[in-house]
Amino acid sequence: MTEVPVGPGGVCAPADAAGAVLPEGLTEAEAEELRSELAKVEEEILTLRQVLSAKERHAAEIKRKLGQTPLNQLKMNLSKSLQEVQMSNAYVKTSEKIGEWNEKVTQSDVYKKTQETLTQAGQKTSAALSNVGTAITRRLGDMRNSTTFKSFEERVGSMKTRVSTGREENGSANLHSSDSKSQDTAPF
């Protein structure tokens, strides 16, 4: 058994072609006309979506030819957004307030005293480091003129000569010889 829609007062309500109940006051002809108009509008929407998609592809191709990459566009968008933020009332007011605070801080006695103290400390540190450098240079010069350093320098020089010529002072044996006796008496 099929159900028949019942309208107000127990009268059978007409059903549209899709089996749905027609709203009150709407005739079958008006419903058919609205369905036809709806189909046309939906078809136009589909056509417009296809046209929009084609236009977007064309725009992307033009941008590619112009060298506008998505990264470049993102940079431009961020730059534009930053510019807009910097021109906003909130940003301008905040910048002004920070500028006022900066002015107050840099003009305060505490800031000036701290700045003077740090400047003096930097100058004293620089002078102290310069003095230390001078003292080290002088001490190295004194060491170079000492008999111990000269003796060490002579030994290194003679050792260098022996290594570069490959002979000991007596001129008889190579430093890299396989003589086990010379290796056993090595000081290291």
Side-chain angles (χ1 to χ4, degrees), residues 20 23-26 33-164 186-188:
E24 193 175 325
L26 190 64
E33 186 179 324
L34 287 174
R35 281 193 287 280
S36 173
E37 186 178 342
L38 177 62
K40 287 179 184 176
V41 170
E42 287 177 341
E43 188 176 320
E44 287 175 1
I45 290 171
L46 181 61
T47 303
L48 290 172
R49 283 186 180 147
Q50 292 171 346
V51 169
L52 178 62
S53 178
K55 294 282 186 183
E56 286 174 338
R57 283 192 304 273
H58 184 66
E61 181 65 23
I62 291 171
K63 286 177 182 178
R64 186 189 61 76
K65 287 179 181 178
L66 290 172
Q68 294 179 357
T69 64
L71 181 60
N72 289 343
Q73 288 178 329
L74 178 64
K75 286 178 184 177
M76 288 181 352
N77 289 343
L78 288 175
S79 178
K80 183 180 177 185
S81 296
L82 179 61
Q83 213 170 21
E84 289 172 357
V85 165
Q86 289 175 338
M87 299 192 63
S88 71
N89 286 339
Y91 182 87
V92 171
K93 287 180 181 178
T94 303
S95 294
E96 289 172 358
K97 191 56 100 174
I98 289 173
E100 290 172 12
W101 290 344
N102 184 37
E103 184 70 25
K104 287 178 183 176
V105 167
T106 56
Q107 297 304 320
S108 71
D109 289 337
V110 173
Y111 178 84
K112 288 178 182 178
K113 287 179 183 177
T114 303
Q115 185 180 25
E116 289 174 18
T117 303
L118 290 175
T119 301
Q120 289 173 359
Q123 290 170 347
K124 289 179 181 179
T125 303
S126 177
L129 290 175
S130 177
N131 289 339
V132 168
T134 302
I136 290 173
T137 303
R138 188 179 321 120
R139 186 72 177 141
L140 287 174
D142 292 347
M143 274 181 46
R144 187 170 176 90
N145 293 330
S146 71
T147 56
T148 306
F149 186 80
K150 286 184 180 182
S151 172
F152 176 74
E153 191 175 35
E154 289 171 5
R155 286 186 186 156
V156 170
S158 65
M159 186 81 129
K160 178 184 175 256
T161 304
R162 281 191 280 163
V163 169
S164 64
F188 339 93

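For clarity, every value in this text was computed on a predicted model and none was experimentally measured. The figures that follow rest on heavy atoms only: side chains count, while hydrogens, waters and symmetry mates do not.
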Requested in this report: Report the distance from atom CD of Glu100 to atom CD of Glu96, rounding to the nearest 0.5 Å.
Outcome: 7.0 Å
Could you pull out all donor-acceptor pairs under 3.5 Å where a side-chain atom in residues 123-132 meets a protein atom, sequence neighbours excluded?
{"from": "Thr125", "atom 1": "OG1", "to": "Ala121", "atom 2": "O", "distance (Å)": "2.7"}
{"from": "Asn131", "atom 1": "ND2", "to": "Ala127", "atom 2": "O", "distance (Å)": "3.4"}

Requested in this report: Drop me the distance from Thr94's OG1 to Lys97's NZ, to the nearest 0.5 angstrom.
Outcome: 10.0 Å
For a quick test of your reading: what N or O donor-acceptor pairs under 3.5 Å do the side chains of residues 107-115 make, sequence neighbours left out?
{"from": "Ser108", "atom 1": "OG", "to": "Val105", "atom 2": "O", "distance (Å)": "2.8"}
{"from": "Ser108", "atom 1": "OG", "to": "Tyr111", "atom 2": "N", "distance (Å)": "3.3"}
{"from": "Thr114", "atom 1": "OG1", "to": "Val110", "atom 2": "O", "distance (Å)": "2.8"}

Sequence neighbours left out, cut at 3.5 Å: what donor-acceptor pairs do the side chains of residues 77-88 make with other protein atoms?
{"from": "Asn77", "atom 1": "ND2", "to": "Gln73", "atom 2": "O", "distance (Å)": "3.4"}
{"from": "Ser81", "atom 1": "OG", "to": "Asn77", "atom 2": "O", "distance (Å)": "2.9"}
{"from": "Ser88", "atom 1": "OG", "to": "Val85", "atom 2": "O", "distance (Å)": "2.6"}
{"from": "Ser88", "atom 1": "OG", "to": "Tyr91", "atom 2": "N", "distance (Å)": "3.3"}

Report summary line: Sorted by chain and number, sequence neighbours left out, side-chain contact (heavy atoms from CB on, under 4.5 Å) with Glu33 holds for none
Query - Glu37: salt bridge (charged side-chain N to carboxylate O under 4.0 Å, His left out) partners, not counting sequence neighbours - result: none
Output a table of donor-acceptor pairs, distance under 3.5 Å, between side-chain atoms of residues 45-53 and any protein atom two or more places apart or on a different chain; print 'none' if there are none.
{"from": "Thr47", "atom 1": "OG1", "to": "Glu43", "atom 2": "O", "distance (Å)": "3.0"}
{"from": "Ser53", "atom 1": "OG", "to": "Arg57", "atom 2": "NH1", "distance (Å)": "2.8"}

**Report entry** Thr69 and Leu74, any side-chain heavy atoms less than 4.5 Å apart
**Finding:** no
Report task. Report the distance from atom OG1 of Thr147 to atom CD of Glu154, rounding to the nearest 0.5 Å. Result -> 10.0 Å
